[in-house]
Amino acid sequence: MDNQMTASAELVQGDVNKKKMRKKAPVSQIVLNFVTVILLLLTLFPFYVMIINAFKSPTQFLVDPLGVPTEWVFSYFAVAWEYVKYYFINTMIIAAAEVVLAVLVNGAAAYGFARFRFKGRDAMFMCVLAIMMIPGILTLIPQYALVHKLGLSGSLLGVILPQIASPFSIFLLKNFFQGLPQEVFEAAEIDGASGITKFFRIAIPLAKPILFTVGLTTLMGCWNDLIWPRLILLGHEDLYTISVGIMELTNMYGNESFGMGVPLAAYCIVSLPLLVAFFFTSKQFIKGLSAGAIKM
């Protein structure tokens with residue numbers, strides 16, 4: 001009887017606590033939702049301005065840059081595509097090469113740090129992490145001097161090679177590989193698997209989520225990079241990437257006579273591949289970031 005009364009009292013107390021929490025939760029939840037909506041609007045507002053002005057005539061753009069077009073002009077997209085399609089192809093080639101090589105190179109480096117024991121391993125890894133603290137602009141001149149001495153300036157290869165290695169990607173992959181069960185690799189070694197076989201047959205398939213993260217971050221960096229391709233490909237207009245080509249397009253059409261319709265239409269076109277890529281890989285991207293950041 002006493003046990004039943006005690007259990008009843010605990011249930012009543014639990015209901016009272018739940019009611020108190022329900023009374024407190026809505027206020028904090030409303031504030032959180034409000035802040036989230038504000039941040040979302042601030043993030044989406046530039047996209048709204050880009051899209052609506054891509055369909056406006058020069059007059060509409062000057063009179064009402066934030067309003068919805070009264071007359072929709074679709075011809076800007078055809079003009080923009082004719083101008084950027086070759087730059088689009090160049091960027092696709094560079095992006096595909098960088099993504100594949102970044103996965104292999106950073107994955108191999110991270111696998112070595114995570115699964116092999118050698119003298120100075122921790123010191124070398126700390127040096128890799130220290131590189132993350134150095135602003136990229138400081139290494140721009142040394143990188144250019146090296147590429148120029150190798151005779152790669154003015155080529156797509158000169159754009160691709162210096163952008164492959166990433167300390168952040170090595171950090172994520174190394175933490176993930178360290179969390180894999182040692183027994184799996186020991187069993188493969190008993191079966192006669194070499195280090196390369198274990199890397200490609202075990203580590204890489206198990207690391208698919210985080211490899212999506214590495215691939216997507218590499219793709220975004222390649223797609224949006226302006227300074228490095230501009231520096232390496234200067235004077236070779238036929239090899240320009242999208243970011244460099246659009247900058248030239250903006251200089252040509254971005255004035256009061258033509259308006260911003262053509263450049264903004266180009267921005268809309270070249271944004272689509274990244275949106276599609278993130279739409280199909282967003283779950284793996286977030287899962288990979290979480291998996292790679294668990295262990296230090």
### Message
Quick check on Leu40: does its CG atom have over 12 non-hydrogen neighbours (other residues, nucleotides or ligands) under 6.0 Å away?
### Response
yes

### Other residues, nucleotides, ligands: >12 heavy atoms within 6.0 Å of Phe34 CZ
no

### Query
Taking the side chain from Asn53 and the backbone from Phe61, do they hold a donor-acceptor pair closer than 3.5 Å?
no

### Query
Taking only residues two or more places apart in sequence, or in another chain, which ones meet Trp223 in a ring pair (Phe, Tyr, Trp, His ring centres under 6.0 Å)?
Phe88

### Task
Could you tell me whether the side chain of Tyr48 and the main chain of Leu66 form a donor-acceptor pair under 3.5 Å?
yes

### Task
Please name all residues satisfying ring pair (Phe, Tyr, Trp, His ring centres under 6.0 Å) with Tyr240, sequence neighbours left out, ordered by chain then number.
none

### Message
How about CZ on Phe47, more than 12 heavy atoms from neighbouring residues, nucleotides or ligands closer than 6.0 Å, or not?
### Response
no

### Query
Backbone N or O of Gln29 within a donor-acceptor pair of the Asn33 side chain at under 3.5 Å?
yes

### Query
Considering all heavy atoms of both residues, which atom of Glu98 and which atom of Cys222 are nearest to each other, and what is their separation?
OE1-CB, 3.4 Å

### Task
Say whether, by atom type as modelled, one donor and one acceptor occur between the side chain of Thr241 and the main chain of Thr91 under 3.5 angstrom.
no

### Query
Just wondering, are more than 12 heavy atoms of other shown residues or ligands nearer than 6.0 Å to CE in Met247?
yes

#### Entry: Phe199 and its ring-ring contact (aromatic ring centres under 6.0 Å, His included) partner, picked from Phe116, Phe185, Tyr111
Tyr111

### Message
Would you say that more than 12 heavy atoms from the other residues, nucleotides or ligands in this model lie under 6.0 Å from the CD of Glu71, or not?
### Response
no

#### Entry: Residue pairs passing the salt bridge (charged side-chain N to carboxylate O under 4.0 Å, His left out) test where at least one lies in residues 107-128, sequence neighbours excluded
none

### Query
Taking everything shown except Lys208 itself, do over 12 heavy atoms lie less than 6.0 Å from its NZ?
no

### Message
Could you check whether Phe74 and Phe55 have their ring centres less than 6.0 Å apart?
### Response
yes

### Task
Measure across Ser166 and Asn106 and return the closest heavy-atom pair with its distance rounded to 0.1 Å.
N-OD1, 2.9 Å

### Message
What verdict does the side chain to side chain contact (heavy atoms under 4.5 Å, CB included) test give for Leu239 and Leu156, after you've listed the backbone C-alpha separation in whole Å, the side-chain angles of each residue and the deciding distance to 0.1 Å?
### Response
CA-CA 7 Å; Leu239 298 178; Leu156 296 183; 4.2 Å; yes

## Note on the structure
Heavy-atom nearest pair, Ile52 first then Pro65, reads CD1-O, 3.9 Å

### Message
Could you report the tightest heavy-atom contact between Pro162 and Leu157, atom names first, then the distance?
### Response
CD-O, 4.4 Å

### Message
I'd like to know whether CG of Leu150 has more than 12 heavy-atom contacts from other residues, nucleotides or ligands below 6.0 angstrom.
### Response
yes

